Amino acid sequence: MRAMPEGFRWGVATAAYQIEGSVSADGRGPSIWDTFSATPGAVRHGDTGAIACDHYRRWKQDFALLSELGVSAYRFSLAWPRILPEGTGQVNQSGLDHYRRLVDDLLARGIEPVVTLYHWDLPQALQDRGGWTNRATIDAFARYAEVVAEALGDRVPRWITLNEPWVSSFVGYGSGRHAPGIADGRSALLAAHHLLCAHGAAVPVLRETSGQVGVTVNLSPVRPVTPEDADAARRVDGCQNRWFLDPLLAGRYPEDMIEWYGFADAEPGDLESIAAPLDFLGVNYYTRTWVASGDRDVPHPVHPSLDAHQVLPEKLPRTLMGWTIEPDGLRELLVRLRTDYPGLPPVLITENGAAFDDYVDPEGGVDDEERIAFLAGHLSALADAIDAGVDVRGYFCWSLLDNFEWAEGYGRRFGLYHVDYATQHRLAKASARWYADVVKRNGLP
Ligand SMILES: OC[C@H]1NNC[C@@H](O)[C@@H]1O
């Protein structure tokens, strides 16, 4: 038995655009993901979040699944365009009322709501004015935080300002593979900085509530394929991990990467605001990053890994996303955080999970043994990190339901519950029953 500490929070995680649907209901405004997914070729099979899991209407039945799992916490995100359809200006009371109903139902079930303010669905009206490359979006986010704090501040115990600012900026504005679909190095750096500043502006606002405040970053230990690739690997680590961890936890950008990028867009006071003390750090872990030096003589100015192509070790098993399955990377990552960042607050694993080729078998079940093995391996590695002295307070499996996996559409299933999108029927996979047992035991059998 690998027991987790007493009081460890066991949860599952979702995000608004990936599950809600009802994208025009009750005053919701368009987001950049509505625009992007409607763009031919942007998302596999032309999938969009227009219906998704129809969770906006079926949330009560989905919350019954949370009770079935026995989780003590549920991480979900608010859709900024439901609350401020234009991103700023007029508040849409229907949007606030919707999320107040969700929070109150969770509390009534004895489940802790962990609320993410921004999980990538920026109001399109703000993108029309530059989005995260426009410094004014910082103030828009701070106002959004004020509106939410006023409406829900007395009942949400844990806030997460941003989900994965690296993806929002480097993938959304750097490679263009995510909304808003911009492929420009300087835009990615500006977006990353303004996202971090928006986090810094929201922290004092959320501190006025009764809830704890944190941020979620996606982190990945970086390995060179050969010793000659060490420089490229250090740059990728600088881009994916240190470019966010250093400002958030140490109040500075990493010197080597400032030089590499020629970054000079921070204004006086920005770094002090970004480094606002956190009650917890949310960590999303999926895989390691393997790097081989690019053969291009002009390294990519923004995302070094684009000049150093990913060369995944052949021998390692992979998920349907093509990511290597490396549970020990989670232990390695957490021990590194504790070693490199003396100011590390308590950690929550706010996402960990995998996509596999799930299907409903002739007996009507989904026997996802691969997912059970994936989760068991990562929970064991998490227990190793805790044994090594890392203060981890909870674990959220990604995800409750199969859902819209961004540019991959619905073809990548991460859920503990299978969703038949034609009928919206939810079906517990074997991993749901397994996870419910782990939660009940407070650890691995
Ligand atoms: O790719 C799986 C997940 N990764 N983190 C952010 C989530 O929105 C994704 O679905």
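Since we're looking at a predicted model, the values are computed, not measured. The residues of the chain are indexed from 1 along the displayed sequence. One-based numbering, in listed order, for ligands and for the atoms of each. Hydrogens, waters and symmetry mates are skipped; everything else that's a heavy atom, side chains included, is used.
Taking CG of L219 as the reference point, atom OH of Y285 lies at 10.5 Å (rounded to 0.5 Å). With rounding to the nearest 0.5 Å, the separation of CG in D358 from OH in Y417 is 14.5 Å.
With ring centers used as reference points, Y253 lies under 6.0 Å from H193. Residues W120 and F36 place their aromatic rings such that the two centres sit no closer than 6.0 Å.
Ligand 1 lies under 4.0 Å from heavy atoms of Q18, H119, W120, N163, E164, Y286, W323, E351, W398, E405, W406, F414.
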Go through it in stages, so that I can follow the logic: the residues are R28 and D34, the test is salt bridge (charged side-chain N to carboxylate O under 4.0 Å, His left out), and I'd like the CA-CA distance, side-chain angles, deciding distance and then a yes or no. CA-CA 11 Å; R28 177 184 182 279; D34 297 283; 2.9 Å; yes

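In this structure, R109 is not positioned above the aromatic face of F63 in the sense of NZ or CZ being under 6.0 Å from the six-membered ring centre and within 45° of the axis.
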